[in-house]
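Here is the structure we will look at.
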Amino acid sequence: MKMSKLFVQTLREFPSDAEVVSHKMLVRAGFIRKLTSGVYNYLPLMWRVLKKVENITREEMDKAGAQELLMPFVQPKELWEESGRWEVYGRELMRLRDRHDREMCLGPTHEEIITYIAREGLKSYKQLPVNLYQIQSKFRDEVRPRFGLLRGREFIMKDAYSFSTSQEELDAEYENMAQAYRNIFNRCGLPTKMVQSDSGAIGGNVSHEFMVITDTDAGENDVFYCECDYSANSNHAISKLPQATVDGAECGLTEKKVIDTPNTKTIEELANFLNVPQSVICKCLVYIADKKPVLAYIRGDKQVEETKLMNALGAIDIRIASSEEIEELMANNGFSAKAGFISAIGMKDIKIIADETVKDMKNFVVGVNENDKHMVAANLDDIQVKEFADIRLVEAGELCPECGKPLKVTRGIEVGNIFQLGTKYSEPMNAVYLDKDGKAKPYIMGCYGIGISRTAAAAVEAHHDENGIKWPVAIAPYHVIVVPVSTKDETQMKVAEDIYNKLLEQGIEVVLDDRNERPGVKFKDAELIGFPFRITVGKTIENGNVELVTRATLEKEEMAPETAVTEVIARINAQLK
RNA sequence: CGGGAUGUGGCGCAGCUUGGUAGCGCACCUCGCUUGGGACGAGGGGGUCGCACGUUCGAAUCGUGUCAUCCCGACCA
């Protein structure tokens with residue numbers, strides 16, 4: 001490819017609407033352009049990268065025994081009603097109507113469709129297990145698209161679905177996919193961590209996410225990990241507390257009584273007023289779970305992890321109550337307490353749940369539904385809790401549930417995940433096969449996703465410097481750029497063209513920068529776009545040499561043109577292994 | 001959805017307070033010159049100032065409404 005004909009427009013400045021580095025770089029280097037919020041045009045350079053990520057994914061999936069197919073982007077409402085998700089999925093599902101007023105949606109994922117395909121085509125245990133996948137655009141009408149390709153509304157995803165006859169078979173396929181994923185991300189030049197995670201709205205039991213570890217805002221997940229193998233998304237992480245048992249008696253709270261605590265709306269204010277640590281306060285939060293209020297107790301120095309709470313309640317939607325909702329709830333129970341003074345004491349017909357660590361609290365401080373008052377030296381019997389669950393957000397420094405060492409935290413970009421779905425879809429959708437004994441049984445399913453476009457963006461997050469992108473060879477749009485410093489210099493042009501042609505003959509993806517630009521422009525563009533190797537033909541040609549520049553390190557090496565050709569081919573092939 | 005901000009050629013911005021019919025840098029086209037780190041000179045093309053309504057002799061500028069986009073919080077590949 002001649003640079004003069006390559007469809008690319010690099011920008012002198014970063015776009016003003018981009019926040020994270022992958023977004024800035026990809027726009028500035030001419031890979032993508034926004035069409036509308038969360039929706040991007042993939043320009044030729046980007047498309048080459050995406051096709052490479054796709055192909056690596058495809059090769060590894062095929063090698064793992066999965067079969068590729070392609071399902072429609074448009075899906076009928078009826079199947080979504082069968083699974084129950086037409087109601088549940090909410091506004092993230094892009095809904096539309098056809099000319100006959102039939103309701104449809106744009107696929108955010110394809111469990112319904114694949115389950116339909118399976119029940120039509122997989123009637124016998126003899127056909128199982130099977131794993132089907134596709135690579136396709138998905139549409140999710142995100143509340144807040146952001147970070148360019150990292151959180152778009154339309155994005156490219158590889159989604160795979162497995163159908164098994166037993167849990168053992170599913171376990172085997174799950175591990176098979178986990179290994180395929182490690183291969184895929186390694187080949188893409190992306191180090192990932194496989195972490196335990198919540199299975200969320202898609203449902204199921206066991207699930208893991210593949211995270212690209214980063215220390216920037218682009219990592220939207222908190223990952224807790226230990227020096228042993230344990231690691232988990234914050235929505236799923238568990239821990240042991242260094243000091244699980246707290247007793248208010250140790251700081252003077254020995255006699256149970258209700259006392260005045262004026263203007264102590266926050267835990268901090270209350271702890272300061274009483275001169276006790278926050279851990280001896282039992283705080284009570286009001287949540288709205290599926291439109292109904294719920295009271296959640298947790299130790300004062302800890303936070304509620306809402307996904308855990310949601311799962312503990314079996315709810316599909318949860319949020320903290322507004323002050324108006326709290327006021328209404330209190331009024332219905334004959335109280336006027338505001339947030340900060342609430343408790344379950346005297347509340348009627350309301351779900352009450354407490355974090356497990358509350359069990360280990362003694363002689364604690366708690367609200368009594370009366371403003372400016374708290375009970376001190378209270379105990380479990382006083383707060384009417386019957387149900388306990390782990391609803392606590394883990395913090396760094398708490399102890400690993402497996403080995404007891406302190407947990408660390410970092411941020412991660414989720415590029416892939418694997419789920420054990422079980423019969424979550426096959427059962428309601430009546431998707432069954434006939435077993436050996438002739439009995440109809442629902443498939444035991446798994447699903448496995450990779451964000452293709454997100455993976456490409458995550459690669460930029462992981463590999464860049466202030467000059468631009470440093471693409472790993474395996475997913476770079478081109479491997480090499482050959483830069484004659486002056487296109488007017490016949491010797492330089494001849495050598496450059498010769499190198500270019502030799503590389504082309506060897507199947508190397510190479511660009512010749514034949515533009516009549518000054519060298520600075522060409523070097524800046526080469527580094528911004530991120531060609532893994534650059535061969536500069538310039539002044540050193542007087543000594544019969546060219547320069548081989550490695551993008552990752554910007555290291556320059558002078559060598560003869562023929563050497564540069566064989567050397568660059570060798571290095572590319574070494575990295576493509 | 002709540003909170004904050006912004007909409008002016010492809011990109012980055014000024015002009016708006018104090019209304020008078022649009023400007024700068026980059027990019028693009030032509031010519032010259034230049035060629036080891038985003039040169040220079042001359043000439044040129046491109047914008048109903050997000051949209052609608054209103055105020056006014058006159059609106060990018062003032063008012064109302066609306067749409068879009070971005071940033072901060074709860075969801076997900």
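Convention: sequence-line order gives letters A, B, ...; per-chain numbering from 1.
A distance of 6.0 Å or more separates the ring centres of A:H110 and A:F73. Aromatic ring centres of A:W471 and A:Y478 lie farther apart than the 6.0 Å criterion allows.
For B:G45, there is no paired base (Watson-Crick or G-U wobble, both distances below 3.5 Å). Nucleotide B:G7 has B:C67 as its partner under the Watson-Crick or G-U criteria, with both atom distances under 3.5 Å. In this structure B:C75 sits in no base pair that meets the Watson-Crick or G-U test at under 3.5 Å.
Separating the C1' atom of B:C40 from that of B:U34 is a span of 8 Å, rounded to the nearest Å. Remark: the separation of the P atoms in B:U48 and B:U8 is 13 Å, to the nearest Å. B:C72 and B:C28 are spaced 38 Å apart, taking the C1' atom of each and rounding to whole Å. Rounded to whole Å, the P atom of B:C11 lies 14 Å from the corresponding atom of B:G50. Atom P of B:C71 sits at a distance of 27 Å from the matching atom of B:A27, rounded to the whole Å. If you take atom C1' in B:U61 and the same atom in B:U17, they sit 10 Å apart, rounded to whole Å. Separation of the C1' atoms belonging to B:G20 and B:U56 is 12 Å when rounded to the nearest angstrom. Separation of the C1' atoms belonging to B:C53 and B:A59 is 13 Å when rounded to the nearest angstrom.
Per the geometry, CD1 belonging to A:I450 stands 16 Å off C1' belonging to B:C76, to the nearest Å. Going from atom CE of A:M157 over to atom C1' of B:C76 covers 10 Å, rounded to whole Å.
Side-chain nitrogen and oxygen atoms of A:S37 include none within less than 4.0 Å of the OP1 or OP2 phosphate oxygen of B:A68. For the pair A:K488 and B:C33, the criterion of a side-chain N or O lying under 4.0 Å from OP1 or OP2 is not met. One finds no side-chain N or O of A:R153 lying less than 4.0 angstrom from the OP1 or OP2 phosphate oxygen of B:C76. Dashed line: the shortest gap from a side-chain N or O of A:S16 to OP1 or OP2 of B:C13 is under 4.0 Å. Checking the phosphate oxygens (OP1, OP2) of B:U35, no side-chain nitrogen or oxygen of A:T487 falls inside 4.0 Å. In this model, the phosphate group of B:C71 is approached by a side-chain N or O of A:R144 to a distance below 4.0 Å at OP1 or OP2.
Evaluation of A:F523 against the base of B:G36 yields no stacking contact (centre distance < 5.5 Å, interplanar angle < 30° required).
On a pure distance criterion of 3.5 Å, a polar donor-acceptor pair joins the side chain of A:N221 and the base of B:C76. A donor-acceptor contact under 3.5 Å is formed by the side chain of A:R151 with the base of B:C76.
With respect to A:R411, the side-chain hydrogen bond (donor to acceptor under 3.5 Å, both in side chains) criterion is satisfied by exactly one of A:D222, A:D217, A:T216: A:D217. Just one residue in the list A:R91, A:R153, A:R151 forms a salt bridge (charged side-chain N to carboxylate O under 4.0 Å, His left out) with A:E142, and that residue is A:R151.
Classified by interplanar angle (parallel below 30°, tilted 30° to 60°, perpendicular above 60°), the ring pair A:Y42/A:W47 is parallel.
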